[in-house]
**Q** 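One structure is given below, represented as structure tokens, and several questions about it will come after.
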2 protein chains.
Amino acid sequence: MKPQQQSHALAYCGAARDILTIIGAKWSVLVVSLLEERAKRFSELKREIGDVTQKSLTTVLRELEKDGIIERVVTPIVPPRVDYSLTPLGRSLLVPIKSLRIWAMENHPAIVQSRSRYAEKEAA
Amino acid sequence: MKPQQQSHALAYCGAARDILTIIGAKWSVLVVSLLEERAKRFSELKREIGDVTQKSLTTVLRELEKDGIIERVVTPIVPPRVDYSLTPLGRSLLVPIKSLRIWAMENHPAIVQSRSRYAEKEAA
DNA sequence: CGGTATCCGGTGGGATACTG
DNA sequence: CAGTATCCCACCGGATACCG
């Protein structure tokens, strides 16, 4: 009930944290990015990511599915085939992700530098 | 060394994860947002956030400082006074954060809905 | 192929108490 | 006022093994 900035910042806090919980998951952003091109199978994603366990990948995919970010289509053949694709919601998520990615690419060096500067100060 | 999409997506993976580690911290985005207006003291931030412990807030502030997102200015008086402000790097971070915030506000309802739909399916 | 089940170690973050 | 210092626990994510 306080004026201006405070209530404003706290207002979107819940939603923002929710979103960060989603894209904060270790592989979620990468998965969504990899699905930008086209729908992909489980094994494709696993292969392209490389160092991710089946369990971790499955977990992320399930979460993204629950949140309506991706769609999971099972084709009941032998052997089973499962395709993952972005929903419209998922595709819209690419916008803020791209914004984040651009910032990351531009400023990552500065952050690394800042960290090492800090480490030096500590050593001294 | 693979072609096209894969190496591209994996290329910014490291940097992106680094950034997500930063803004994924529970209170970091809120802190940065609160500092947009002006520099603030420790107690101000704590009061405005409300449900955060001193330790948690201190931890986040230290991390953001290490990464060069915020600046910590100590005024050695009694009682001590410490002001936190955004660095240029921190201010630039407001851009992707805003992008994320906008997306969150617009799509949070859809996500909540998707989750409850999922919960229903599970119950059945 | 695309999972689930189980175990398990590291860590983020809260509660609480003390300090310069 | 603005912190440290502990303790502690939930949960995330990796390893491994098994299944339809």
Side-chain angles (χ1 to χ4, degrees), chain A residues 13-14 16-32 34-35 39-67 70-85 118 121-122, chain B residues 13-14 16-32 34-35 39-67 69-85 115 118 121-122:
Chain A
C13 176
R17 286 251 80 256
D18 246 36
I19 288 0
L20 285 167
T21 301
I22 295 174
I23 70 171
K26 191 159 183 184
W27 305 105
S28 57
V29 167
L30 187 51
V31 165
V32 171
L34 287 172
L35 288 178
K40 286 176 183 174
R41 303 182 58 174
F42 184 91
S43 49
E44 281 187 279
L45 291 171
K46 178 155 168 42
R47 192 177 337 107
E48 292 187 2
I49 296 176
D51 57 342
V52 64
T53 61
Q54 279 185 341
K55 181 199 166 186
S56 298
L57 184 54
T58 300
T59 304
V60 175
L61 291 170
R62 287 286 183 281
E63 284 307 307
L64 292 174
E65 190 197 358
K66 276 188 207 170
D67 295 332
I70 65 175
E71 192 186 10
R72 180 170 178 269
V73 178
V74 181
T75 310
I77 58 174
V78 186
R81 177 192 179 97
V82 183
D83 289 273
Y84 294 93
S85 59
Y118 191 92
K121 267 203 315 188
E122 248 187 350
Chain B
C13 176
R17 288 251 77 255
D18 246 36
I19 288 0
L20 284 167
T21 301
I22 296 174
I23 69 170
K26 191 160 183 183
W27 305 106
S28 58
V29 167
L30 186 52
V31 165
V32 171
L34 288 172
L35 288 179
K40 285 176 183 173
R41 301 183 60 173
F42 184 89
S43 50
E44 280 187 280
L45 291 171
K46 177 153 170 43
R47 193 178 335 111
E48 293 187 2
I49 296 176
D51 57 342
V52 64
T53 60
Q54 279 185 339
K55 180 198 165 185
S56 298
L57 183 54
T58 301
T59 305
V60 175
L61 291 170
R62 287 286 183 280
E63 285 307 307
L64 292 174
E65 191 197 357
K66 276 188 206 171
D67 295 332
I69 307 291
I70 64 175
E71 192 186 10
R72 180 169 177 269
V73 177
V74 182
T75 309
I77 57 174
V78 186
R81 177 193 180 99
V82 182
D83 289 272
Y84 294 93
S85 59
R115 280 183 189 158
Y118 191 94
K121 267 202 317 188
E122 247 187 350

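So you know, we letter chains A, B, ... as the sequences are listed, proteins then strands, and number each from 1.
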**Q** Under 4.0 Å from any heavy atom of chain B: name the first and the last nucleotide of DNA chain C that qualifies, 5' to 3'.
**A** C:dG13 to C:dG20

**Q** Under 3.5 Å, is there a donor-acceptor pair between the side chain of A:Arg17 and the main chain of B:Gly24?
**A**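 Judged by distance alone, yes, a pair lies under 3.5 Å.
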
**Q** Return each pair, listed once, that meets salt bridge (Lys or Arg N to Asp or Glu O under 4.0 Å) where at least one residue sits in residues 75-85 of chain A; pairs must be two or more places apart or across chains.
**A**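 Matches after skipping sequence neighbours: A:Arg81-A:Asp83.
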
**Q** Which residues, if any, of residues 54-64 of chain A bring a heavy atom under 4.0 Å of DNA chain D?
**A** A:Lys55, A:Ser56

**Q** Examine D:dC12: is either OP1 or OP2 under 4.0 Å from a nitrogen or oxygen in the side chain of A:Trp27? Give yes or no.
**A**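 For D:dC12, neither OP1 nor OP2 has a side-chain N or O of A:Trp27 closer than 4.0 Å.
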
**Q** At what distance, to the nearest 0.5 angstrom, does CG of B:Leu20 lie from CG of A:Leu20?
**A**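 Between B:Leu20 CG and A:Leu20 CG, I get 8.0 Å after rounding to 0.5 Å.
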
**Q** Decide yes or no on salt bridge (charged side-chain N to carboxylate O under 4.0 Å, His left out) for A:Asp51 and A:Lys46, but give the supporting numbers first.
**A** CA-CA 8 Å; A:Asp51 57 342; A:Lys46 178 155 168 42; over 6 Å; no

**Q** Grab the CG-C1' distance between A:Asp51 and D:dG13 for me, whole Å please.
**A**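 Roughly 12 Å, once rounded to whole Å.
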
**Q** Under 3.5 Å, is there a donor-acceptor pair between the side chain of B:Lys40 and the main chain of B:Leu34?
**A** yes

**Q** Short question: side chain of A:Ser56, backbone of A:Val52 - any donor-acceptor pair under 3.5 Å?
**A**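 No; zero donor-acceptor contacts below 3.5 Å.
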
**Q** Main chain of B:Val60, side chain of B:Ser28: is a donor-acceptor contact present, judged purely on distance under 3.5 Å?
**A** no

**Q** Could you give the CD-to-C1' distance, from B:Glu44 to D:dA2, as a whole number of Å?
**A**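 Nearest whole value for this atom pair: 13 Å.
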
**Q** Evaluate the salt bridge (charged side-chain N to carboxylate O under 4.0 Å, His left out) criterion for residues A:Glu63 and A:Lys66: first the C-alpha distance (whole Å), next the side-chain angles of each, then the deciding distance (0.1 Å), finally the verdict.
**A** CA-CA 5 Å; A:Glu63 284 307 307; A:Lys66 276 188 207 170; 3.4 Å; yes

**Q** In whole angstroms, how far is the C1' atom of D:dG14 from the NZ atom of A:Lys46?
**A**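 Taking NZ of A:Lys46 and C1' of D:dG14, I get 11 Å after rounding.
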
